[in-house]
Amino acid sequence: MNIKFLSNLKSNYGSYLAKGTGIVGLGLIARDAHVIGKIQADTYSQSRDADAIEKRANNTLYLSNPSVTMNEMKKTVFNWEVENNFRNFFNQGIGYFKGIGSMLVNNVIPLTLSLTALLGKGILSKASAIGLAGYGILSFFKDGLGMGHNDPLNKNF
């Protein structure tokens with residue numbers, strides 16, 4: 001049985017290599033999407049909280065009619081808004097999924113190549129793995145080493 005497994009592995013090593021490449025590609029994309037999702041969750045929830053507090057603070061500055069009771073009510077609503085964490089919970093979830101979605105859209109080419117390498121069969125899987133490796137090499141030289149794009153700080157190049 002062990003010899004059969006080794007002979008099967010030798011005859012299908014290209015397929016296993018393509019599937020492994022697809023898994024690695026999906027893992028890297030998922031990691032980036034998760035990190036950007038966490039960052040976007042904080043950014044989105046804090047900006048929404050700031051907008052709500054700004055609205056309530058602006059509301060406390062003006063009274064339609066002079067009234068001490070209305071003034072105290074507006075201050076109470078403003079203080080509740082400042083200490084409110086209920087909205088933050090939902091806004092973090094919305095921001096997280098917005099971040100994940102934006103990263104998946106930004107990485108649509110490697111995502112497609114990774115899924116095709118993992119789920120495809122035969123030559124399609126191998127061609128997608130080769131394309132994904134080529135995309136990774138191109139990305140390394142372009143973004144990792146800075147070759148092939150203009151330097152935004154130095155306009156002479």
Side-chain angles (χ1 to χ4, degrees), residues 1-59 77-157:
M1 185 165 138
N2 195 9
I3 296 172
K4 185 178 180 183
F5 172 73
L6 290 177
S7 66
N8 190 21
L9 183 65
K10 286 181 184 179
S11 65
N12 291 328
Y13 72 91
S15 177
Y16 291 128
L17 191 60
K19 304 291 183 199
T21 304
I23 290 171
V24 168
L26 287 175
L28 292 173
I29 292 168
R31 179 178 175 246
D32 283 346
H34 174 65
V35 170
I36 295 299
K38 289 192 313 185
I39 292 170
Q40 186 68 23
D42 289 339
T43 304
Y44 183 78
S45 68
Q46 288 175 3
S47 69
R48 298 295 289 183
D49 285 345
D51 290 343
I53 289 172
E54 176 195 14
K55 182 179 176 183
R56 295 293 178 230
N58 198 18
N59 188 35
V77 170
F78 172 73
N79 290 335
W80 179 80
E81 189 70 48
V82 169
E83 296 172 3
N84 179 16
N85 289 330
F86 182 70
R87 182 185 304 114
N88 191 18
F89 175 75
F90 291 106
N91 284 334
Q92 281 199 341
I94 292 168
Y96 181 77
F97 286 111
K98 279 186 170 189
I100 285 178
S102 70
M103 273 312 280
L104 293 180
V105 169
N106 287 341
N107 290 324
V108 70
I109 293 173
L111 178 65
T112 304
L113 289 172
S114 296
L115 284 173
T116 308
L118 182 63
L119 302 175
K121 295 185 188 251
I123 192 72
L124 179 65
S125 176
K126 293 173 187 170
S128 294
I130 291 170
L132 184 61
Y135 187 87
I137 291 169
L138 180 70
S139 178
F140 171 75
F141 281 110
K142 183 179 177 202
D143 297 327
L145 298 178
M147 301 173 146
H149 64 82
N150 295 333
D151 184 7
L153 297 177
N154 191 352
K155 300 294 182 191
N156 294 330
F157 297 107

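As the structure is a prediction and not an experimental result, all values here were calculated from the model.
Between Ile39 atom CD1 and His34 atom NE2 the span is 10.0 Å, to the nearest 0.5 Å. Considering CG of Asp32 and CG of Leu104, their distance stands at 10.5 Å, rounded to 0.5 Å. Note that the CZ atom of Arg48 and the CD atom of Gln92 stand 13.5 Å from one another [nearest 0.5 Å]. Here the straight-line distance linking atom CG of Asn58 with atom CZ of Phe78 works out to 11.0 Å at 0.5 Å rounding.
At a threshold of 4.5 Å between non-hydrogen side-chain atoms, the residues Leu111 and Leu26 count as touching. Residues Gln40 and Phe97 are not in side-chain contact: their nearest non-hydrogen atoms beyond the backbone lie 4.5 Å or more apart. In this structure, Ile29 and Met103 have side chains that are not in contact, with every pair of non-hydrogen atoms separated by 4.5 Å or more.
Formation of a donor-acceptor pair under 3.5 Å by the Lys19 side chain with backbone atoms of Gly120 is found in this model. Between the Ser139 side chain and the Tyr135 main chain, no donor and acceptor come within less than 3.5 Å of each other. Checked by atom type and distance alone, the side chain of Ser125 never pairs as donor or acceptor with a backbone atom of Gly122 at under 3.5 Å.
Ser114 and Leu132 get closest at one heavy-atom pair: OG-CD2, 3.3 Å.
Electrostatic pairing of Lys55 and Glu81 does not count as a salt bridge here, judged by no charged N lying under 4.0 Å from a carboxylate O.
Within 6.0 Å of CD1 on Ile109 lie no more than 12 heavy atoms contributed by other residues, nucleotides or ligands.
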